[in-house]
Amino acid sequence: MALRFFNTLTSEKQEFKPLVPGRAGVYVCGITVYDLAHIGHARFLVAFDVLVRFLRWDGFQVTSVRNWTDVDDKIIQRAQERGEDPRALSERFIAACQDDMRAIGVLSADVEPKATEHIPEMRALIARLIEKGFAYAAKGDVYFAVRSFPEYGKLSKRKLDDLLSGARVEPGEQKRDPLDFALWKATKPGEPESVSWESPWGKGRPGWHVECSAMSQKYLGTTFDVHGGGKDLIFPHHENEIAQSEAASGQPLANFWLHNGFVTVDAEKMSKSLGNFRTLRDLLAHWDGEALRAFLLSTHYRHPINFTESAVADADRRVEYFYESLAKADAYLLQKKFSGQPKPLAEHEQAFREAMEDDLNTADALARLERLYGLLNARIDARGKPDEVAAMVHTARALSQVLGLSARAPEQAIKDRRALAASRKGIDSRWVEERIAARLAARKSKDFARADAIRAELAAKGVELRDGPQGTDWRVLL
RNA sequence: GGCACCGUCGCCAAGUUGGUAAGGCAAGGGACUGCAAAUCCCUCAUACCCCGGUUCGAAUCCGGGCGGUGCCUCCA
């Protein structure tokens, strides 16, 4: 099996052939930072984080770029509402987003360029487009002339005439054609100096689409391997990026265009206008970030995924199962004083690879990985040979980490997760420990009726007890 | 109206360049346990929204319905 991706450009799964064998350049459209990140952002972040992790594990040398859009109409508007400087506001939200991303296990990209730090590159690109006749300046604005680029619509499969119905010219815009889009927007009266730059066309700021064209070109070159983002970016954002970049260079922008599906809430698209969006900040107060990550990986990245409490609870159970299994295996090997060098299990690696090679089928990969965990537990239960157990746990851990899961020390993760669940349910752990001690006393005196009463008392609060050789442990039921 | 997509067991979800339905949750049985939990083992869709068609063979392809979603305006 070869690595295949569904390419929006060709509408089919294609074998991934990088420009340079063994290397991959990946550009992902990042967040416009005017608010906290939501679960929809988490979806694309996790999807493309897994892409990068998998490519690296599969032997590719990856250069990943994920931008921050830190100058934009919405940022300026939000800043004005709050009486804050737009640049300060965007910096604040970048920091907040980074915290949230860490919590769901999203790695930093190799380059995380900010639009405001690439104004010269954007000006140069715009100048080139004007020079080549693809763009025109009008009263301080610069627009891309869509009809001058014959391939416009090739990504979104739209015809220019079909687009006309939705296109419109805002008051004050100087478009020659309603389909044209802004490359440069003249600074309006009252807009802060911090978001205004000099240019041959007067003071202004870049349009949204041009930043990605300029930054991808700078860090990945004229043509690169993979461009990713949410489905909603296909039109107009990515279509416009293609138009700008390819008009300027005459070369393809990216060979593979990958787009993730939406997160829905109650089967409806989450959006600001519907008021049903869930910020990560909010969700992380109640859920383990890793559980949210596992939830997002439980459905193929191109399909819609519906956010429900029970779906996240299922994912949480799976995260728990992985950590429990790893903890049990580690303890077993410690007890057996195993100190050899574990060998990865090729057949399980291969099973995992096959699922992932098929357009990053994380749902299938997770299922196959879970089989390995099952075998691992069975082997430990059967008091199997330490080197066999070691090979299994080593492989399970490594493959989990390709998905960005099970990276924490198991015992600590279990404690942290329990603490989060306890605080969520308002359970006082000292009270639980006290009840466990009382139950232990009852059990010692063979007063099982009392012991069971205490168990029931805890169960009523959502606390589950586990008696083991080392004493009684507890968990919080979701 | 144009474009794209979805409809698989009670719930979630793979499989969609055709070849005889993964997995998880829930449920039932068993091992283990003072009782439990965790873990492991077993069972659990003649069936893939409906109707036609192509085919030796279709969840997978084609046509027509029904139901749902998204994009076409800022949006992951």
Side-chain angles (χ1 to χ4, degrees), chain A residues 4 8 11-13 28-32 34-35 37-48 69 72-74 77 153 156-159 161-168 170 208 228-237 239 259-264 267-273 277 294-295 298-306 308 310-315 317-318 320-321 324-325 327-328 351 355 358 361-371 373-382 443 446-449 451-452 455-456 459 463-468 472-475 477:
Chain A
R4 299 191 310 159
T8 305
S11 301
E12 59 182 20
K13 280 187 200 170
V28 179
C29 286
I31 300 176
T32 300
Y34 66 101
D35 207 339
H38 53 65
I39 184 76
H41 292 119
R43 164 94 124 154
F44 93 81
L45 289 164
V46 167
F48 294 108
T69 297
D72 166 90
D73 290 348
K74 287 189 295 291
Q77 189 191 332
S156 56
K157 321 292 180 226
R158 287 182 162 91
K159 298 184 181 70
D161 294 336
D162 297 337
L163 289 170
L164 270 177
S165 62
R168 62 165 184 261
E170 297 289 335
W208 174 36
K231 263 189 164 68
D232 49 348
L233 297 186
I234 294 172
F235 188 90
H237 185 54
E239 196 70 72
H259 292 98
N260 63 276
F262 293 120
V263 177
T264 57
E268 239 181 3
K269 184 192 171 184
M270 184 177 56
S271 74
K272 308 261 158 156
S273 50
F277 64 96
F295 159 68
S298 68
T299 299
H300 186 100
Y301 77 92
R302 280 193 293 115
H303 293 179
I305 187 169
N306 194 30
T308 62
S310 74
V312 182
D314 278 359
R317 229 166 269 133
R318 177 176 249 159
E320 185 83 2
Y321 175 66
E324 295 275 5
S325 303
K328 190 160 94 175
D358 185 13
N361 193 337
T362 53
D364 194 17
L366 233 20
R368 294 174 186 221
L369 183 53
E370 212 150 31
R371 232 165 282 168
Y373 276 96
L375 293 172
L376 169 66
N377 278 306
R379 192 61 57 91
I380 297 169
D381 286 359
R443 292 178 74 205
K446 302 280 187 209
D447 185 356
F448 292 121
D452 289 350
R455 178 198 290 289
V463 175
E464 183 177 86
L465 298 184
R466 294 187 187 177
D467 295 327
T472 299
D473 201 2
W474 58 283
R475 292 286 182 276
L477 295 170

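Chain letters run A, B, ... following the sequence lines, proteins first, then strands; residues in each count from 1. Predicted model only: the values in this text are computed from it and were never measured.
B/rG57 is unpaired under the Watson-Crick or G-U wobble criterion, no partner having all donor-acceptor distances under 3.5 Å.
When heavy atoms are screened at a 4.0 angstrom cut-off, A/E324 is found touching no nucleic acid atom at all. A/L233 comes within 4.0 angstrom of sugar-phosphate atoms only, judged by non-hydrogen atoms across all strands, and of no base. Using a 4.0 Å heavy-atom distance criterion, A/D73 is classed as making no nucleic acid contact. Backbone-only contact: A/R371 has heavy atoms under 4.0 Å from sugar-phosphate atoms and none from a base. The residue A/R317 sits close only to the backbone: its heavy atoms come under 4.0 Å of sugar-phosphate atoms, none of a base. Base engagement by A/G40 is indicated by at least one non-hydrogen atom pair under 4.0 Å involving a base atom.
Judged by distance alone with a 3.5 Å cut-off, a donor-acceptor contact links the side chain of A/R443 to the base of B/rG34. For B/rG70, its base never sits under 3.5 Å from the side chain of A/D232 at any donor and acceptor pair.
Along RNA chain B, the nucleotide nearest to A/G468 and the one nearest to A/L366 differ in position, and the one closer to the 5' end is contacted by A/L366.
Relative to the side chain of A/T32, the nucleotides B/rA76, B/rG34, B/rG24 differ in distance, and B/rA76 lies closest. Side-chain proximity of A/A367 to the nucleotides B/rG2, B/rG23, B/rG34 is greatest for B/rG23.
For B/rG24, neither phosphate oxygen OP1 nor OP2 lies less than 4.0 angstrom from any side-chain nitrogen or oxygen of A/Y373.
Here A/F448 counts as stacked on B/rG34: its ring centre is under 5.5 angstrom from the base ring centre and the planes meet at under 30°.
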> Which nucleotides of nucleotides 11-20 of chain B have their base under 4.0 Å from a protein heavy atom (B), which only their sugar-phosphate (S), and which neither (-), written as one string 5' to 3'?
Replying inline: --SSS-B---

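By the side-chain contact (heavy atoms from CB on, under 4.5 Å) test, A/Q77 pairs with A/E81, sequence neighbours left out.
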